[in-house]
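Below, chains carry the letters A, B, ... as their sequence lines are ordered, and counting in each starts from 1. Keep in mind the model is a prediction, meaning the values are calculated, not measured.
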Amino acid sequence: MRPGCGIPVADSRCAVLKTIGCGELRAEHAGQPVTVAGWVHRRRDHGGLLFLDLRDSTGLVQVVFHPESEAAAAQVASGVRAEYVLQVRGTVQPRLAGTENADMPTGAIEVVASDAVILNAAETPPFSIVEETNTSEVMRLKYRYLDLRRERMARNLRLRHQVVKFIRDFMDSRAFIEVETPSLGLATPEGARDYLVPSRVHPGAFYALPQSPQQYKQLLMVAGVDRYFQIARCYRDEDLRGDRQPEFTQLDVEMAFVEEEDVLALIEDLYAQMAAVVGAKFSVPSPFPRMTFAEAMEKYGSDKPDTRYGLELHDLTEQVRGSEFQVFSRVIEEGGRIRGFVVPGGADIARRGVDALTDLARENGASGLVWAQFTGSGALEGLSADDVRSPVSRFFTPDQLGALAAACGGTRGDLLLLAAGPDALTSRVLDTLRRKLADDRGLADPNTLAFLFVTQFPMFEWDATEKRWSAVHHLFTAPFEEDVPLLESDPGKARSHAYDLVCNGQEIASGSIRIHSRETQLAVLRTLGIQFEEAYEKFGHMLDAFTFGAPPHGGIAPGIDRTVALFAGERDIREVIAFPKTKSASDPMTGAPAGVSARQLQEVHVALDAVARDAIAAGARVDAEEDA
RNA sequence: GGCCCCGUAGCGUAGCGGCCUAACGCGCCACCCUGUCACGGUGGAGACCGUCGGUUCGAAUCCGAUCGGGGUCGCCA
């Protein structure tokens, strides 16, 4: 049995080149003849006696070569180097007393070699497979097939398989069917930039790779497939981050005849059960807390709060109203608020540390940061000037400051942080500070997966650059029934049936109940500035479909990469993707993307512009081409 | 697209105006070593400091551009 898989491994019994996996050997195999095969992990040559650690997908085992009894095998072994592919015939034996290795699962035994065959020699690898050295990202990607030999990466790939397998089994058990949808689709005007694919047979026309199978899955609902899912690849041509790749994988889900609650219940079951199977070491809340968007913004200043620690935000506007501190009074006059939170034990943060927080607040648009540190311990009562350190002590008495901190749940020994301004600003600033402090002070328990649902997102947000409304989730998201009139009168106030699954400060899944009526869809498109004719040009198939009896439906799409990264304890989703791309969306291994021949361009009727020609002349991407 | 950081032997780093004909660790090569498991010992090879241009008597070290990588903001419905 392979660890964690539960299925007997065929090749450990039936194979010819090996009879058992290296890592499967145990004391119970003592005395058995075996054939093992794998990569030379380490070699310890004692001149006479020689040890090799042999590695395959099941793990490591020590092989020992005795030159006196098996000269030929020892001869082969002495010529072997790191990463050679080696087959060894021998006998499993208990190690000599006192030489067992408790750190290895196979440490009680060793294979005494009688025969060794080099199946393939290997060049010295460009970086160590054995050690977790900090090889540069390019190196790792260029030789990804070597990087993936590392234990950590092999473990991540296996975990990913388990997650995907769990999902398929779970969805199947809930009567969902997996349906594949096209990769070559129609470009959409809203949302991320599309990856375009030129058409050879339709000169001047382009397909777009899907940003998600959104439209197809809704059309499947109209088609009567009332429970659909897909492990779907999605493509977005936007700038990358550690948690963003140009192509990524989603669990795409859609259900008909459901309301919000049905979708949330399904996803909660999925993640709770998945955690029990692949993430047993994590503690997971049950049930998952629910929070509206408005609550999340009020308590955490974020729509994806990390709830593993407190540092909750509080509104102190009323308490400071009428103060002589101009910064506060002016903000209040202008309709802003004073919000803040308390850092338990934060009185120990040095002045330099507090200044760094102030800088961070400024970088996020605040004009400053008001703070107060309270010395000692115990309740915030009867404070004297010596008990409080604060740049605003001229404007507030020690007891006034103490009362503010107390309102945030603080005590002596704590640090109070206050930001003033419009909500959008204070939310942003305090969210940043909150995450920074949690990080600095190690407040987030790494063994907790704090799942929660955030609901009731607004329908629209104002795009100041484009000077128009844009959809917060996407343009097929259903508004609250009672908010439909707001679509025209006050779009910013309209709530939507959009929801997110959030975990540890990350958005893990995002979904919504969809619009299934043509009229509502047209109204939403109007708010977005898409008039009837354009709407039909871009979404005619959707609008038409809605006229043929579209059932109420909704869905969600959890990110597989982020989910696996979460369970793997990885910060960067590249660590759970077999062949990821760099931040500039290139692949150092294959050299993609690269130029193509003039003939290929002609065939698809594409001409390069001056920028492209200059880039080629300047040698952009030639590195990769040369290496390929 | 903006800002910040990085680019020195196969790998990871040090050096940050002349003492660098570039140092250290790992790896590599050779020899020695019969119980190791990051084996050990001795010896050795290996980079002209991403690329281009400039400043300077003199540059790995300063400046500019460029390429590549990373972070971050914008962006990512």
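- In this structure, A/Thr99 does not reach the B/C37 phosphate: none of its side-chain N or O atoms is under 4.0 Å from OP1 or OP2.
- Contacts of A/Arg95 with the nucleic acid, taken as non-hydrogen atoms under 4.0 Å apart, include base atoms.
- Evaluation of atom-type donor-acceptor distances gives no pair under 3.5 Å for the side chain of A/Asp239 against the base of B/C76.
- For A/Thr432, no side-chain nitrogen or oxygen approaches OP1 or OP2 of B/C73 to under 4.0 Å.
- Between A/His46 and B/C39, a base-stacking contact is recorded: ring centres under 5.5 Å apart, planes less than 30° from parallel.
- The aromatic ring centres of A/Phe65 and A/Phe51 sit 6.0 Å or more apart.
- Between the CZ atom of A/Arg571 and the C1' atom of B/U72 there is a distance of 14 Å, rounded to whole Å.
- A/Lys142 places its NZ atom 12 Å from the C1' atom of B/G10, with the value rounded to the nearest Å.
- In this structure, A/Phe51 forms an aromatic stack with the base of B/U36, since both conditions hold: centre separation below 5.5 Å and plane angle below 30°.
- The separation between A/Glu137 atom CD and B/C5 atom P is 21 Å, rounded to whole Å.
- Applying the 4.0 Å criterion to OP1 and OP2 of B/G69, one finds that A/Ser584 has a side-chain N or O inside that range.
- The separation between A/Arg435 atom CZ and B/U72 atom C1' is 12 Å, rounded to whole Å.
- B/C49 sits 16 Å from B/G54 when the P atoms are compared, rounded to a whole Å.
- By the 4.0 Å N-to-carboxylate-O rule, A/Asp440 lies close enough to A/Lys436 to be salt-bridged with it.
- Taking only side-chain nitrogens and oxygens, A/Thr582 comes nearer than 4.0 Å to OP1 or OP2 of B/G69.
- Applying the ring-ring contact (aromatic ring centres under 6.0 Å, His included) rule to A/Phe480 yields the partners A/His497; only residues at least two apart in sequence or on another chain are considered.
- With a cut-off of 3.5 Å on both pairing distances, the Watson-Crick or G-U wobble partner of B/C31 is B/G41.
- Nucleotides B/C6 and B/G50, compared at atom C1', are 11 Å apart to the nearest Å.
- If you take CG of A/Leu240 and C1' of B/C76, they are 10 Å apart, rounded to a whole angstrom.
- Distance check on atom P: B/G44 versus B/U55 gives 43 Å, rounded to whole Å.
- As rounded to the nearest Å, B/G58 and B/A14 have C1' atoms that lie 23 Å from one another.
- Between A/Arg42 and B/A38 there is no side-chain polar atom (N or O) within less than 4.0 angstrom of OP1 or OP2.
- For B/G74, its base sits under 3.5 Å from the side chain of A/Arg241 at one donor and acceptor pair at least.
- If you take NZ of A/Lys583 and P of B/C67, they are 14 Å apart, rounded to a whole angstrom.
- For B/G35 and B/A30, the P atoms lie 22 Å apart once the distance is rounded to whole Å.
- Straight-line distance from the CD atom of A/Glu461 to the P atom of B/G74: 12 Å, rounded to whole Å.
- Remark: A/Arg428 is in phosphate contact with B/G74, judged by side-chain N or O atoms under 4.0 Å from OP1 or OP2.
- The phosphate of B/G70 (OP1 or OP2) has a side-chain N or O of A/Arg574 nearer than 4.0 angstrom.
- In a base pair of the Watson-Crick type (N1 to N3 plus N6-O4 or O6-N4) or a G-U wobble (N1-O2 and O6-N3), with each distance short of 3.5 Å, B/G68 is matched with B/C6.
- Side-chain atoms of A/Arg244 and base atoms of B/C76 include a donor and an acceptor less than 3.5 Å apart.
- The phosphate of B/C39 has OP1 or OP2 within less than 4.0 Å of a side-chain N or O from A/Arg44.
- Here, B/C19 and B/C5 have their C1' atoms 30 Å apart, quoted to the whole Å.
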